[in-house]
Amino acid sequence: MTTSSVLRGRLAAATALGLIGLVSAGLPALAQTPKQGGTVHVVVQPEPPMLMQGLNQNGPTNMVAGNIYESLLRYDEKLQPQPSLAKSWEISADSKVYTFKLQEGVKWHDGKPFTADDVVFSLDKFLREVHPRWRPIANNQVEKIEKVDDLTVRITLKQPFGPLLLSQEAAGAPMIPKHIYDGTDYRANPANNTPIGTGPFKLKEWKKGSYIHLVKNEDYWQKGKPNLAEIYWQIIPDAAARAVAYETGKVDVLTGGSVDVYDVARLSKLPNTCVTTKGWEMFAPHAWVTPNIARGGPLANKQFRQAMMFAIDREFGREVVWGGLGKLPTGPISSKTKFYSPDVPKYGFDPAKAKELVKASGYKGEPLKILALPYGEVWSRWAEAIKQNLTDVGINVSIETTDVPGWTQKASNGDFDLTFNFLYQLGDPATGVARNYISTNIVKGNPFGNQGAYVNPEVDKLFAEAAIAPTDAARQELYTKVQKLLVDEVPVLWLLEMDFPTIYRCNVKNLVTTAIGVNDGFKDAWKE
């Protein structure tokens, strides 16, 4: 493998330092009385393109904005729903009516009251229009969303849909202030630059290229929270510089993926340092390359897409590029997610088979570009390795680079041949998987839907039936069928079930308390 010699040497060093075993377990927090006040400095990488969480759900946006915005529910590490803006909920006997009772005394950051009107506006208008996760749920499953009184909302479903309670995660269904957005052009609203949420922290200042400063919401509805006085999200473009910032005490928290995987073992041995891979249970991030099928040509040919799967050395990507972190996926559903099935066709690293399929597809050497994901050096290395893999089997491919806003725009609008992405599974295929493959979610404006424009009526039908099947056994049967079909069709090139270690000072307590980790963790965190 022509790309591997240097990287394999680094892998050996990382393995010798015990990296792979080290990050497999988090460190439990001791029960202590939280201390009020204090400042925490956190790395966010790369800089978010925006903080309006209803309009953008990429990783950096969620990490910061998940502490500004809130949703109806939170989730523990077993994905059991917990109160957030909804203090309680009831489900009707026929499992079609969900009634949410809202917290009392909640205010938006501008002092306006949060009411059921905001919930109805968020779920029935704003997110239905702009959000790639909520849109298919609202359109396919929801009959009506209505205000019962100022503190009560009722969602009536067309048919029972068990995953509804998993859909109310902070990034999946953030509450949006009706008084600011109703009747406006959502994407052009000037408030997008100064986000107004109900969360435990407010945006005070965003110095582009340097830091994002959040301060305690003194009027937060949950008394005694948050404990911290402020958070500085530090923007440090270079991975080595981020590691140095932690070593020298400039930052307290290195969020998942913010440092080179080869630095994790070394940094973890520093004094007052804890490491955990917890806080990703809801997400189970799945990395892949999306072919833009809508462009036609070779990418629209199933044999050509299969050829690319056989051409890519995914084990090299896991072991070398990602330092042994993660697991090779078998298809569209992560092994960490409900209704996963390994009973699918398998794609090993087989360049000879790839060359046969490239020839059979009728490929004539058309040039293709891989739009790299601008999330740091490890993603650049991965792009280079995959470019080499594809070149080795006769595919004419080059790498296109851009910054995060540029990638977001291109990926959102279908302006690519192939692009990297990693998307969240969200606990259930109906909430986190179907959105990437159903034809009704081919919508421009957001990079986290069916951006490759894959269309298969049978896939649409199976996902729709599986979402509302009455038993888990019935759902498993349908999801097994759709996994087999998708693995044969290869609408995306599945690369890795990702693991992201979070490195932090041990005197930062209660940082990871939910299934989305630091994305809403600073509500509970405190500094000793």
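Index from 1, following the sequence.
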Exercise. Looking only at heavy atoms, what is the nearest atom pair of Phe422 and Ala287, with distance?
Worked result: CB-CA, 3.8 Å

Exercise. Restricting to pairs with a member in residues 286-297, which pass salt bridge (charged side-chain N to carboxylate O under 4.0 Å, His left out), not counting sequence neighbours?
Worked result: Arg295-Asp415, Arg295-Asp417

Problem set entry | Residue pairs involving residues 114-139 (criterion ring-ring contact (aromatic ring centres under 6.0 Å, His included); sequence neighbours excluded) | Trp108-Phe114, Phe126-Tyr181, Phe126-Tyr186

Problem set entry | Steps toward side-chain hydrogen bond (donor to acceptor under 3.5 Å, both in side chains) verdict (Gln53, Asn62) | CA-CA 7 Å; Gln53 200 171 22; Asn62 288 338; 3.1 Å; yes

For this session: Only counting residues at least two apart or in another chain, list the ones meeting salt bridge (charged side-chain N to carboxylate O under 4.0 Å, His left out) with Glu146.
Result: Lys144, Arg154

Exercise. Salt bridge (charged side-chain N to carboxylate O under 4.0 Å, His left out): which pairs involve residues 298-307, sequence neighbours left out?
Worked result: Lys302-Asp488

Problem set entry | Pairs meeting criterion salt bridge (charged side-chain N to carboxylate O under 4.0 Å, His left out) with involvement of residues 62-83, two or more places apart | Arg74-Asp520, Arg74-Asp524, Glu77-Lys278

Seminar exercise, completed: Between Trp407 and the options Thr419, Thr401, Thr402, the side chain to side chain donor-acceptor pair (under 3.5 Å) test singles out Thr419

Problem set entry | Residues that Tyr437 engages under side chain to side chain donor-acceptor pair (under 3.5 Å), provided they are two or more places apart | Trp494

For this session: Taking only Lys NZ, Arg NE, NH1 and NH2, and the carboxylate oxygens of Asp or Glu, determine whether Lys387 and Glu384 approach each other closer than 4.0 Å.
Result: no

Exercise. Who are the salt bridge (charged side-chain N to carboxylate O under 4.0 Å, His left out) partners of Lys125, not counting sequence neighbours?
Worked result: Asp182

Seminar exercise, completed: Closest heavy-atom pair, Gln103 versus Ser84, reported as atoms and distance to 0.1 Å, is NE2-O, 2.9 Å

Exercise. Should Glu400 and Lys410 count as an ion pair when the cut-off is N to O under 4.0 Å?
Worked result: yes

Seminar exercise, completed: Sorted by chain and number, sequence neighbours left out, salt bridge (charged side-chain N to carboxylate O under 4.0 Å, His left out) with Asp499 holds for Lys336

For this session: Can you sort out the partners of Lys158 under side chain to side chain donor-acceptor pair (under 3.5 Å), two or more places apart, ordered by chain and number?
Result: none

For this session: If the plane angle is over 60° it's perpendicular, under 30° parallel, otherwise tilted; pick one for Trp379 and Trp382.
Result: tilted

Exercise. Can you list the steps and then say if Asp94 with Ser92 is a side-chain hydrogen bond (donor to acceptor under 3.5 Å, both in side chains)?
Worked result: CA-CA 5 Å; Asp94 64 1; Ser92 64; 2.5 Å; yes

For this session: Please list, chain by chain and in numerical order, all residues satisfying salt bridge (charged side-chain N to carboxylate O under 4.0 Å, His left out) with Lys461, sequence neighbours excluded.
Result: Glu465

For this session: Using side chain to side chain donor-acceptor pair (under 3.5 Å) as the criterion, list what pairs up with Gln476, not counting sequence neighbours.
Result: Thr480

Problem set entry | Any residue meeting side chain to side chain donor-acceptor pair (under 3.5 Å) with Trp89, in chain and number order, not counting sequence neighbours | none

